[in-house]
There are 2 protein chains.
Amino acid sequence: MKIMNTAYKFLKKKGAETMDENIPKYLLIVNWVKEQLEKNNLKPGDKLNSENELSSMFGVSRQTVRHAVSMLEQEKILDRRRGSGTYICEPEVRKKSKTMNVAVVTTYIDDYIFPTIIKEIERAMSKAGYTVQIAFTHNHIERESAVLQNILDRDMVDGIIIEPTKSGIPKPNLELYEEIRRRHLPAIFINSYYPKIRIPHVSLDDQAAGYEAARYLLEAGHEKIAGIFKSDDIQGHLRYSGYTKGLLEAGLKIHDENVLWIDTEDIRNMEADRNRILRRLEGCTACLCYNDEVAFEVVKICQKEGIRVPEDMSVIGIDNSDLATHCEVPLTSIELPAQDLGRLAAENLIKLMEDSSFDAGFEFVPKIVERNSVKKV
Amino acid sequence: MKIMNTAYKFLKKKGAETMDENIPKYLLIVNWVKEQLEKNNLKPGDKLNSENELSSMFGVSRQTVRHAVSMLEQEKILDRRRGSGTYICEPEVRKKSKTMNVAVVTTYIDDYIFPTIIKEIERAMSKAGYTVQIAFTHNHIERESAVLQNILDRDMVDGIIIEPTKSGIPKPNLELYEEIRRRHLPAIFINSYYPKIRIPHVSLDDQAAGYEAARYLLEAGHEKIAGIFKSDDIQGHLRYSGYTKGLLEAGLKIHDENVLWIDTEDIRNMEADRNRILRRLEGCTACLCYNDEVAFEVVKICQKEGIRVPEDMSVIGIDNSDLATHCEVPLTSIELPAQDLGRLAAENLIKLMEDSSFDAGFEFVPKIVERNSVKKV
DNA sequence: TTCCCAAACTTGTATGTACATCTTTAACCC
DNA sequence: GGGTTAAAGATGTACATACAAGTTTGGGAA
């Protein structure tokens, strides 16, 4: 049976948690210091007891204390200053001394507005001395989990800009977002966001965008307005809610048979869904599309069917992307200021990293961009 | 005067470089081990002399040896195994324990083929467990310098994929590329490259691309073929050289008045240069364009001028980007397989990082994609 | 030959001492 | 009050010793 010596007695008195008598004395001291830090008995900048004091406190030799302290110094928890004393490192030095690296996680990159957003983020970040690390989820939940887990595991970034994947449907991995918050890792959502999670977002005011698009069609004299929305992200829900708000305000009813919900997979091959789409457009004079990509496809489908745009069918998109100008019938659209969005997301994240109390949230007010895809009746 | 003790004598005998008698003994041992490593007297996996041996070799106490060895252990140079001995770490563990991070430096991101390239790089890299850090030069030499300098300074990546900026004009900062080579930092050029610098490249065979485009026009019966090329990157030079090769082989002469050289800035606003462009096209029935972006603009300018494409003027592009299909007159073009290029660049860099002797270079054979912008006479 | 075990050797933990070197502080002088 | 200086006290280097605990190895038993 081992004799319980002074060091153990001391720890017992102080109420140490781990009382395995087989762990070496120097580790006991290491753990003791870490405990004091957690309990806030020691704060950054504080001076630790001198080696001789610790040595007599714990009833161990000064060499053993030195062993412990040198371990803690390696972990950047303590800072030894010759002649002066041993101090607790400042947290920014202690934690990870800032990597000056931020992660950007988006669903896509080759989709129309993403290159611009990413370009602006990179521009603003590199201007401020940060490097940008990217990852794409391809709008797959498992990918997003893997990417976020990887970022959290590696712990190499000072902040994150995330475009949530499939924000419109219930997700099993909200847990990871919570973990980001728990770690106080500065983060900003772009485009989508989760109302339940307290992470600020920079995005278009999507409800207002849907509303403005509806108002524009209504003011152009349309009354039978179809809508095509994306079901698996929250922008789709919000834009739909703006669409209904506009119609209801104008005293019109919402006809479910004129509303089509599609998801990420559907958008990839809308041509295949042409009959389903045409059915929903039946009897309508206008169609409010989730975005320009959808509008672009709707125009193509209509034209192949002999439905002229805008003479027989008015089409409006949202996002005001290049596609809107490249389309054979230039598309009237709602502007999503991708440049400003990227820049603001980056700038706000930078502020957030410097001052965690900064309110980094922002929503852009939608503006209509008129082109030739809507007929005024 | 200090007495020269055994440790110093030992080092003198062994021909140590630094003989400052004021540096502590444990540091002498640290330096000695590092020297042995540089001189290849010690190789990864080798067993170091035991602590007692070193202690008597240097004439110091075992504690002092332990101090030195523990420093080297911290630096991940040595690996202590209790009961067995102390060993030299394997290089991959020793060097920097791999950051599993690669840098991708391109000129643009929002230009047509870049999103695809970057997407594929990210896809392949993340599949292999790497994270991707991006930076854009906007085709500005100073930006490129700053970006590369930053990457080298931070030393946080295992490899680099670079699209050289303005590869067609003499550059002051080739020095940085040399530095990359000197550090044995795995790197791959994409799109452009410098023949003088021994860094492998993955790109289209641009000379062959120019040649194929010229052959296609020649076989379609054209003889007066104008050319518009980019002067500030090497692809422009190579594509031009393929163009001349094709014409000369067909027994035609190169008419300088039908060749237009433009640069990055010109491409931004080609509309402003319309008269200059139209002058070069005068008397020609076809125009070989540096890329689809240029071809797209040429088609627009021609149409505004009442020159029909392809009836009055055949136009051929290179890259086979989305623009080629979005153009009002779908463009015949030469395929640059952006997906394969990104994937191959990533995969080859991964191999290169694992085996520095791997030949990572690759050039794609150009293939023609026929659409409606060339008339067969 | 194969297996087991103890001896020999290795690193790990711990103590004690001594002196060097740097910083802080307080007493001192002007 | 301000500058100087020496003492006190902190960490840094270095030595010697002892025992603990894990690995390797070779000799002896089966």
Side-chain angles (χ1 to χ4, degrees), chain A residues 1-11 18 20-33 42 45-74 76-89, chain B residues 1-11 20-33 45-74 76-89:
Chain A
M1 175 100 184
K2 256 192 166 175
I3 297 164
M4 178 169 283
N5 64 25
T6 330
Y8 294 114
K9 276 186 205 152
F10 181 88
L11 285 164
T18 52
D20 184 347
E21 296 201 9
N22 281 327
I23 68 172
K25 295 182 184 177
Y26 76 95
L27 274 184
L28 288 176
I29 301 178
V30 166
N31 291 333
W32 177 79
V33 172
L42 284 172
D46 281 2
K47 189 170 171 176
L48 190 69
N49 308 66
S50 80
E51 292 177 355
N52 283 323
E53 278 171 6
L54 287 171
S55 146
S56 58
M57 275 167 66
F58 285 88
V60 300
S61 73
R62 187 177 152 226
Q63 293 311 313
T64 304
V65 172
R66 282 186 65 71
H67 192 171
V69 172
S70 85
M71 300 235 60
L72 289 162
E73 194 186 23
Q74 263 185 64
K76 299 202 171 178
I77 289 173
L78 293 182
D79 177 26
R80 300 207 265 203
R81 297 179 208 154
R82 183 186 198 144
S84 171
T86 303
Y87 301 82
I88 315 293
C89 284
Chain B
M1 174 108 183
K2 257 196 165 176
I3 296 166
M4 177 168 285
N5 65 23
T6 331
Y8 295 112
K9 275 187 201 152
F10 183 88
L11 285 164
D20 185 347
E21 295 198 12
N22 281 329
I23 68 172
K25 295 182 185 177
Y26 76 93
L27 274 185
L28 288 174
I29 301 178
V30 167
N31 290 333
W32 177 78
V33 172
D46 282 4
K47 188 170 173 178
L48 190 69
N49 308 68
S50 80
E51 292 178 356
N52 284 322
E53 277 171 6
L54 287 171
S55 146
S56 59
M57 275 167 67
F58 284 90
V60 299
S61 74
R62 188 178 150 225
Q63 294 312 313
T64 304
V65 172
R66 282 187 65 73
H67 192 171
V69 172
S70 85
M71 300 236 60
L72 289 161
E73 195 187 21
Q74 264 186 62
K76 300 203 169 178
I77 290 173
L78 293 182
D79 177 27
R80 300 207 266 203
R81 297 178 208 155
R82 182 187 202 148
S84 172
T86 303
Y87 301 82
I88 315 294
C89 284

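The sequence lines fix the lettering, A, B, ..., with proteins before strands; numbering per chain opens at 1.
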With heavy-atom distances below 4.5 Å as the criterion, would you say the side chains of [X] and [Y] are in contact?
X	Y	result
B:Cys89	B:Asp79	yes
B:Glu53	B:Phe58	no
B:Arg66	B:Glu73	no

Original post:
What is the ring orientation for A:His67 with A:Tyr26, classed by angle as parallel under 30°, tilted 30 to 60°, or perpendicular over 60°?
Top reply: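 A:His67 vs A:Tyr26 ring planes: parallel.
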
**OP:** Supply the atom-to-atom distance A:Glu51 CD to A:Thr86 OG1, rounded to the nearest 0.5 angstrom.
**Re:** 5.5 Å

Between [N] ([atom2]) and [X] ([atom1]): distance, integer Å:
X	N	atom1	atom2	answer
B:His67	C:dT11	NE2	C1'	17 Å
A:Arg80	D:dT11	CZ	C1'	7 Å
A:Tyr26	C:dT15	OH	C1'	16 Å
A:Leu27	D:dA21	CG	P	15 Å
A:Arg62	D:dG12	CZ	C1'	8 Å
B:Glu51	D:dA16	CD	C1'	15 Å
A:Asn52	D:dG12	CG	C1'	13 Å
A:Phe58	C:dT15	CZ	P	12 Å

**OP:** Under the side-chain contact (heavy atoms from CB on, under 4.5 Å) rule, what do B:Leu48 and B:Leu54 come out as? Steps first, then yes or no, please.
**Re:** CA-CA 9 Å; B:Leu48 190 69; B:Leu54 287 171; 3.9 Å; yes

May I ask you to evaluate whether [X] reaches the phosphate of [N], defined as a side-chain N or O under 4.0 Å from OP1 or OP2?
X	N	value
A:Thr86	D:dT11	yes
B:Arg66	C:dG12	yes
A:Ser50	D:dG9	no

Original post:
For B:Gly85 and B:Lys47, which heavy atoms make the closest approach, and how far apart are they?
Top reply: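 B:Gly85 and B:Lys47 have their closest heavy atoms at CA-CE, 4.0 Å.
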
Original post:
Would you say the base of D:dT17 and the side-chain of B:Gln63 have a donor-acceptor pair closer than 3.5 Å?
Top reply: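 Result: at least one qualifying N/O pair found.
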
Original post:
Can you find an N or O donor on one side and an acceptor on the other, under 3.5 Å apart, linking the side chain of B:Glu53 with the base of C:dT10?
Top reply: no

Original post:
Who passes side chain to side chain donor-acceptor pair (under 3.5 Å) against B:Ser84, sequence neighbours left out?
Top reply: B:Tyr87

Restricting both atoms to N or O, compile the protein contacts to nucleotides 22-27 of chain D shorter than 3.5 Å, with distance only.
residue: D:dG22; atom: N2; partner: B:Gly83; partner atom: O; Å: 3.0
residue: D:dT23; atom: O4'; partner: B:Gly83; partner atom: O; Å: 3.2

**OP:** Test B:Val33 against every option in B:Asn49, B:Leu28, B:Leu72 by the side-chain contact (heavy atoms from CB on, under 4.5 Å) rule and name the one that passes.
**Re:**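 That would be B:Leu72; it is the only one of B:Asn49, B:Leu28, B:Leu72 passing the side-chain contact (heavy atoms from CB on, under 4.5 Å) with B:Val33.
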
Would you tabulate the pairs of protein nitrogen or oxygen atoms and nucleotide nitrogen or oxygen atoms of nucleotides 4-6 of chain D closer than 3.5 angstrom?
none

